[in-house]
Protein chains: 2
Amino acid sequence: MTLSEEDYIKAIYHLSEFNSKSVATNAIAEQMKTKPSSVTDMIKKLAEKSLVNYKKYQGVSLSEKGRLVALSIIRKHRLWEVFLVDKLNFSWDEVHVVAEQLEHIKSDALIDKLDAHLGFPKVDPHGDPIPNKDGVFTKSVKKLISELPVGSQGACVGVNDSSAAFLKFLDKNKIALGDTFKILEIEEFDGSVTISTRSGSIRISKQIATNLFLEIVDEE
Amino acid sequence: MTLSEEDYIKAIYHLSEFNSKSVATNAIAEQMKTKPSSVTDMIKKLAEKSLVNYKKYQGVSLSEKGRLVALSIIRKHRLWEVFLVDKLNFSWDEVHVVAEQLEHIKSDALIDKLDAHLGFPKVDPHGDPIPNKDGVFTKSVKKLISELPVGSQGACVGVNDSSAAFLKFLDKNKIALGDTFKILEIEEFDGSVTISTRSGSIRISKQIATNLFLEIVDEE
DNA sequence: ACAATTTTTTAGATTTGTCTAAAATTATAT
DNA sequence: ATATAATTTTAGACAAATCTAAAAAATTGT
Ligand SMILES: [Mn+2]
Ligand SMILES: [Mn+2]
Ligand SMILES: [Mn+2]
Ligand SMILES: [Mn+2]
């Protein structure tokens, strides 16, 4: 698999991660920052290799084979992110671009030993789950703060908007991955939410609440 | 710089590391496992970018700019090798192929933090020196066992032949990087050398002696 | 229903890195 | 010195990944 093929496979995976429908050519082009015609060319190649299901004008979806390829790249990406944060002291808003390169290094031994070195982590620095060798991962029961009722509590495990701007905003407001929050009050007027933290309670805007994931403890 | 350009620059560096003359097209082709015509094409591109000095039919040599590029890639290669051995418990005969990929990851912050994480190592697992950010490295005063007189002693810091076969042979014979050896006797008949080790004295063949470097302590 | 718009695909070029076959140049041997 | 051999370069082709412009198909609005 070439680096480019891997990035396309990963893009298709992420675009169909939640809705599960087939993915549009234009959507892939936008994600990959390329032109729709280039996407069509690549889709044909991936279809040729049985990595995607493709019918002209009908969009594309990953085959089972393609899904496993996607998960192995995501596994590598997220393990490298853990390494960068835990071992090299990167902050969690800096790691994505570097992991984007490291995910393409080809060595099974390397990724096994890296996994062991990191203590077999289950989530990456953004709270996203790390698939195992066979592409299996515990579907996280994380929910956006804005989706939760008063009284809910859980660990902050991830962000929806992973832009550097948002991640920096969180750092500035002393909101860090792993912190436990409890929802104290939801303001109907503007959707802002009061949450309790270790250092007291703070009020966050609706926009923040729709971009922060909590892993809920009292949910099966 | 593309991955391919970087590998060519590194190949030219290594081929002119000791003799300092210009490097032949065929030599590069052999090193890069490609055809001479491909080498000529690449040389033209590198010359265009002022990374090499090139006159048709006269071979090629690195410009100062090219030399610095080579050293920055070698720095990355060797730091990654240290990481793989020290942190991930690879053995020293396994790391080269993986480092060959990792050396192309582009991130100044990454390599700085990796360097710090490793404790600013001066040599890689094969005893080869690691250039600093500016391409400066302490020229090692290492010599082959076969070049040393009786009575010399020093730490084993590297190998000439870095083939997996040779490195495995060393492991089997309990010869490891960092071990201190003293030359007890040189057999004129076959060039074999008797050396003292922690666990007693052993005799090594001339072929071994011409492939093991010692860092001599009593030399300035 | 069907014209207008949007999406997707095709056709034809371009860049990068490679190849084979042939020509040009340099080195070697008698 | 000059024929022979080896090395190096050129010419022309190809696969991968991209692009622009144009054609084809699907979607949308009235
Ligand atoms: Mn990537
Ligand atoms: Mn992540
Ligand atoms: Mn390389
Ligand atoms: Mn090395």
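This is a predicted model, so every value here is computed, not measured. In what follows, every heavy atom counts, from backbone to side chain, and hydrogens, waters and symmetry copies are set aside. Reminder, nothing fancy here: chain letters follow the sequence lines and each chain counts from 1.
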**Study point:** Nucleotide nearest Met42(B) when distance is taken to its side chain, options dT8(D), dA26(D), dT18(C)
**Key:** dT18(C)
Exercise for review: Specify the separation, in whole Å, of atom CD1 of Ile28(A) and atom C1' of dT18(D).
Suggested key: 16 Å
**Study point:** Sugar-phosphate, base or nothing in reach of Thr25(A), heavy atoms under 4.0 Å
**Key:** sugar-phosphate
Review point. Any idea how Phe83(B) and Trp80(B) line up, ring-wise: parallel (<30°), tilted (30 to 60°), or perpendicular (>60°)?
Key: perpendicular
Practice item. Check whether any side-chain N or O of Ser37(A) sits under 4.0 Å from OP1 or OP2 of dT8(C), and answer yes or no. Key: no
Review point. Which whole-number value in Å describes the distance from Leu46(B) CG to dT9(D) P?
Key: 13 Å
Review point. What is the distance from CE of Met1(B) to P of dT16(C), rounded to the nearest Å?
Key: 13 Å
Check your understanding: Within 45° of the axis and under 6.0 Å from the centre of the six-membered ring of Phe90(A), does NZ or CZ of Lys113(B) qualify?
Key -> yes
Exercise for review: Write down the distance between CD1 (Ile43(B)) and P (dT16(C)), rounded to a whole number of angstrom.
Suggested key: 17 Å
Exercise for review: Kindly indicate whether the side chain of Glu81(A), heavy atoms from C-beta on, has any atom under 4.5 Å from the side chain of Val85(A).
Suggested key: no
Check your understanding: When the nearest nucleotide of DNA chain D is assigned to Lys33(A) and to Gln58(B) on a heavy-atom basis, which residue is associated with the more 5' position?
Key -> Gln58(B)
Exercise for review: Compare side-chain N and O positions of Thr2(B) against OP1 and OP2 of dT16(C) and report whether any pair is under 4.0 Å apart.
Suggested key: no
Point to revise | Protein-nucleotide distance (Lys35(A), atom NZ; dA21(D), atom P), rounded to Å | key: 10 Å
Exercise for review: Determine: side-chain N/O of Thr40(A) to OP1/OP2 of dT9(C), distance under 4.0 Å, yes or no.
Suggested key: yes
Practice item. In whole angstrom, give the distance that lies between atom CD of Glu5(A) and atom P of dT18(D). Key: 10 Å
Exercise for review: Using only side-chain N and O atoms of Tyr54(A), determine if any of them is under 4.0 Å from OP1 or OP2 of dT9(C).
Suggested key: yes
**Study point:** Residue-phosphate contact under 4.0 Å: Tyr8(A) side-chain N/O, dT18(D) OP1/OP2
**Key:** yes
Check your understanding: Starting at CG of Asp7(B) and ending at C1' of dT16(C), how long is that distance when rounded to a whole Å?
Key -> 15 Å
Check your understanding: dT10(D) phosphate, OP1 or OP2: any side-chain N/O from Lys44(B) under 4.0 angstrom?
Key -> yes
Practice item. List the steps and the verdict of salt bridge (charged side-chain N to carboxylate O under 4.0 Å, His left out) for Glu103(A) and Lys10(A). Key: CA-CA 11 Å; Glu103(A) 69 190 359; Lys10(A) 201 169 57 125; 3.0 Å; yes
Point to revise | Test item: His104(A) and Gln101(B) side chains (from C-beta on) under 4.5 Å apart, heavy atoms | key: no
Review point. Of all the nucleotides listed (dT18(C), dT9(D), dT9(C)), which has the minimum atom distance to the side chain of Tyr57(A)?
Key: dT9(C)
Practice item. Would you tell me if any nitrogen or oxygen in the side chain of Asn26(B) comes within less than 4.0 Å of OP1 or OP2 on dA6(D)? Key: no
Practice item. Take the protein atom CG of Asp41(B) and the nucleotide atom C1' of dT8(D), then report the distance between them rounded to whole Å. Key: 12 Å
